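Values in this document were obtained by computation on a predicted structure and should not be read as measured data. Letters A, B, ... mirror the listed sequences (proteins, then strands); counts begin at 1. Any value given below was found using the heavy atoms of this structure, including those in side chains, with hydrogens, waters and symmetry copies removed.
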There are 2 protein chains.
Amino acid sequence: MTINAEQRPVTLRDVAEAAGVSVSTASRMLDNRTPTSRTATAERVRKAADDLGYRRNTSAASLRRGATTTIGVLVPRLTDAVMALMFQAIEKEARSRGYFAVVATSGDDPKDERRATETLLDRNVDGLILATARLDDDLPASLRDRGIPHVLALRTDRVSPSALGDDEAGGYLAIRHLLDLGHRDIAVVTGPWFTSSARDRLAGARRAFSEAGRELASQLVHSVGYGLDDGIAIGHELFDAAGSRPTAVFAANDNLAIGVLSAARSLGIEPARDVSIVGYNDIPLISRLPVPLTSVRTPFDQIADAALDLLLPTGESGDPIRRSLPTLIPRASTARFHEQER
Amino acid sequence: MTINAEQRPVTLRDVAEAAGVSVSTASRMLDNRTPTSRTATAERVRKAADDLGYRRNTSAASLRRGATTTIGVLVPRLTDAVMALMFQAIEKEARSRGYFAVVATSGDDPKDERRATETLLDRNVDGLILATARLDDDLPASLRDRGIPHVLALRTDRVSPSALGDDEAGGYLAIRHLLDLGHRDIAVVTGPWFTSSARDRLAGARRAFSEAGRELASQLVHSVGYGLDDGIAIGHELFDAAGSRPTAVFAANDNLAIGVLSAARSLGIEPARDVSIVGYNDIPLISRLPVPLTSVRTPFDQIADAALDLLLPTGESGDPIRRSLPTLIPRASTARFHEQER
DNA sequence: CTGTTAGCGCATTCAC
DNA sequence: GTGAATGCGCTAACAG
């Protein structure tokens with residue numbers, strides 16, 4: 001039961017008085033960071049705190065400790081399912097380590113990205129996780145210069161500590177899957193060239209081809225945005241050229257894949273039967289589409305875990321660029337290629 | 001140019017010394033809340049702060065002021081597009097008012113909801129915006145009892161201050177649209193009965209029917225979850241009963257609508273031609289689907305604006321339950337009903 | 001293990 | 001207007 005729940009907030013002093021100890025003792029007993037003591041005094045203090053409805057004043061604690069146990073997460077936008085999943089995983093992992101994750105969105109404008117970063121730093125976060133890294137962006141470098149603890153997630157600039165999926169392996173899995181199904185004319189639609197993910201997934205795709213003694217024709221590679229609209233546009237481009245229609249498409253992002261699928265159907269090309277499509281990230285939506293999409297699953301939880309390992313002072317070091325292995329999830333959008341179908 | 005960018009953080013003292021004034025003067029000059037002074041001293045202080053790369057210590061300021069200029073937002077999950085849009089709008093509006101919005105996710109479990117609320121309160125937020133309200137939930141009541149400033153968003157318990165869309169009007173618009181297109185056998189799929197949005201949208205639907213001298217048959221009303229899977233399930237239920245197939249469906253949520261559409265197609269029922277479908281919220285995805293969905297657009301920006309008006313001490317009061325009017329966005333998923341088609 | 005003491009950095013009194 | 005003084009609530013020395 002909570003008493004004195006309103007009016008003047010309950011302070012540590014109140015708790016200490018109620019428990020008949022000094023504030024410093026009370027402070028120690030209520031310190032989450034050390035293992036919960038089971039002594040009589042500790043119990044008494046905790047009970048008093050509970051009875052009074054004590055809640056530590058974070059501002060005071062942070063001021064004194066010089067740390068906020070808060071980490072800032074920067075994403076382009078939360079309305080992108082991939083970013084929502086990434087933040088969700090980070091938030092959960094942070095919580096399990098006693099930290100609180102706050103998020104700011106940067107949009108696509110580097111200027112907004114700076115603004116959002118400053119906003120986060122203004123809140124005195126203990127560290128930053130950026131899911132926005134562009135290979136041509138100097139924000140990570142600027143953070144390094146300023147000595148601000150940070151980790152890149154999902155993408156890397158190949159310098160700052162980074163936690164991401166093994167995009168090269170993922171690209172390989174996708175193409176390998178299509179090759180195994182008998183496809184030969186495979187188009188690859190990848191994201192913006194300024195993202196490491198786009199480049200690495202393409203590199204993995206190339207490896208799969210060359211391993212099969214083939215090569216990825218450059219006219220079948222398209223680097224576009226990561227949006228649904230980009231997928232629709234590229235889909236039309238791929239399928240309108242009736243002569244050289246690919247029998248399969250690897251879209252290095254689920255949004256792109258949905259767009260490609262949508263374009264295909266609007267042109268009377270039936271997914272799976274006429275064209276196989278593989279996406280990337282395995283966002284929840286795609287398994288419930290009329291034609292469930294085959295996709296490469298990004299292990300967001302592992303990435304979040306690695307990101308926090310890199311960010312927080314856990315002692316143990318190791319490779320500052322951690323890549324978690326993705327998995328291919330086969331679904332209805334990919335099917336064996338039969339010559340006669342064409 | 002930023003000097004002293006690392007090492008010991010720059011404090012107000014440093015700025016004051018550099019500008020040749022006292023800390024209290026420096027504090028005043030740098031106070032964002034009062035109109036920016038244009039005096040010479042003010043300029044000097046600001047320049048010094050800038051040169052030194054001064055950044056106010058939020059913890060200290062909050063401790064002293066007794067307020068954090070932070071508001072907490074509680075949503076079930078950010079991977080739900082509706083919630084991501086709502087948070088995004090709140091975050092933007094909060095920022096424009098000098099506040100910072102932090103988010104916590106509650107899942108569907110009331111226990112987690114409590115935990116998430118406490119997490120937010122532990123960060124000493126100045127107020128709470130809840131997008132999770134259930135009519136059977138006593139969290140808002142508990143916040144009222146504890147005197148914690150809060151506003152409900154998107155849903156209301158009809159007691160606490162609330163900012164939401166006018167769901168009754170939205171439901172009316174949706175059904176009116178379908179009636180105008182000549183549909184008579186219209187099914188209504190609404191969300192969980194514990195949400196005010198589900199009830200109000202249904203009420204609006206009923207009003208449109210009765211206004212047309214008709215009545216909504218109870219066997220055509222389904223209250224389910226708000227998920228894609230719920231839509232798929234209900235879609236099958238609606239369309240499998242071959243005899244009494246409705247010619248139109250109003251799904252009180254876009255996810256439901258996508259599910260219904262997906263179910264329809266998997267049963268060989270062509271959206272628009274065989275069945276018209278209206279969704280709700282107008283999340284970005286639905287305009288890019290193979291069959292773009294007609295939907296009722298929820299004005300998230302206005303709702304965010306109203307929520308902050310209600311939460312922050314702006315002086316002006318008024319109705320504590322603010323409803324913003326939605327708009328119907330007609331797209332390809334709804335078409336005129338022709339008798340012969342059946 | 002406990003209590004006493006001294007700030008963390010800042011905003012706001014209160015005098016001038 | 002400006003500056004000196006005070007303390008927000010808490011934690012970390014330090015001493016016992």
Take B:F300 and B:L154, measure what side chain to side chain contact (heavy atoms under 4.5 Å, CB included) needs, and give me the verdict at the end.
CA-CA 9 Å; B:F300 293 103; B:L154 292 180; 4.1 Å; yes
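- The base of D:dG3 is paired with the side chain of B:R28 by a donor and an acceptor separated by under 3.5 Å.
- Between B:S160 and B:R144, the side chains place a donor N or O and an acceptor N or O closer than 3.5 Å (distance only, hydrogens not considered).
- Where B:T41 and A:T11 meet DNA chain D, the nucleotide closest to each residue was compared, and B:T41 sits on the side nearer the 5' end.
- Along DNA chain D, the nucleotide nearest to A:L12 and the one nearest to B:G20 differ in position, and the one closer to the 5' end is contacted by B:G20.
- Contacts of B:V23 with the nucleic acid, taken as non-hydrogen atoms under 4.0 Å apart, are absent.
- Spacing between atom CG of B:N57 and atom C1' of C:dG7 amounts to 14 Å, rounded to whole angstrom units.
- Note on B:R33: a side-chain N or O is less than 4.0 Å away from OP1 or OP2 of C:dT12.
- Across all strands shown, B:L63 has heavy atoms under 4.0 Å from base atoms, whether or not it also approaches the sugar-phosphate.
- At a threshold of 4.0 angstrom between heavy atoms, the contacts of A:S62 with the nucleic acid are absent.
- The shortest distance between the side-chain N/O atoms of A:S27 and the OP1/OP2 oxygens of D:dT11 is below 4.0 Å.
- Listed nucleotides C:dT12, D:dC10, D:dG3 differ in distance to A:A61; the shortest reach to its side chain belongs to D:dC10.
- Between B:M83 and B:T105, the closest side-chain pair of non-hydrogen atoms is not below 4.5 Å.
- With rounding to whole Å, A:R13 atom CZ is found 14 Å from C:dG3 atom C1'.
- Rounded to whole angstrom, the span from the CG atom of B:D31 across to the C1' atom of C:dG9 amounts to 15 Å.
- Picking from D:dG3, C:dG7, C:dG9 the nucleotide with the shortest atom distance to the side chain of B:T25 gives D:dG3.
- Atom CZ in B:R65 sits roughly 16 Å away from atom C1' in C:dT13 (whole-Å rounding).
- Nearer the 5' end of DNA chain C, as judged by each residue's closest nucleotide, is the contact made by B:S59, out of B:S59 and B:S24.
- Separating the CZ atom of A:R64 from the C1' atom of C:dG9 is a distance of 12 Å, rounded to the nearest angstrom.
- A:S62 places a side-chain N or O within 3.5 Å of a backbone atom of A:T58 that can act as its donor or acceptor partner.
- Here C:dG3 is the nucleotide among D:dT2, C:dG3, D:dG7 with the atom lying nearest to any side-chain atom of A:S22.
- Inspection of the A:D126 and A:T68 side chains reveals an N or O donor paired with an N or O acceptor under 3.5 Å.
- Look at B:R56 and you'll find a side-chain N or O under 4.0 angstrom from OP1 or OP2 of C:dA11.
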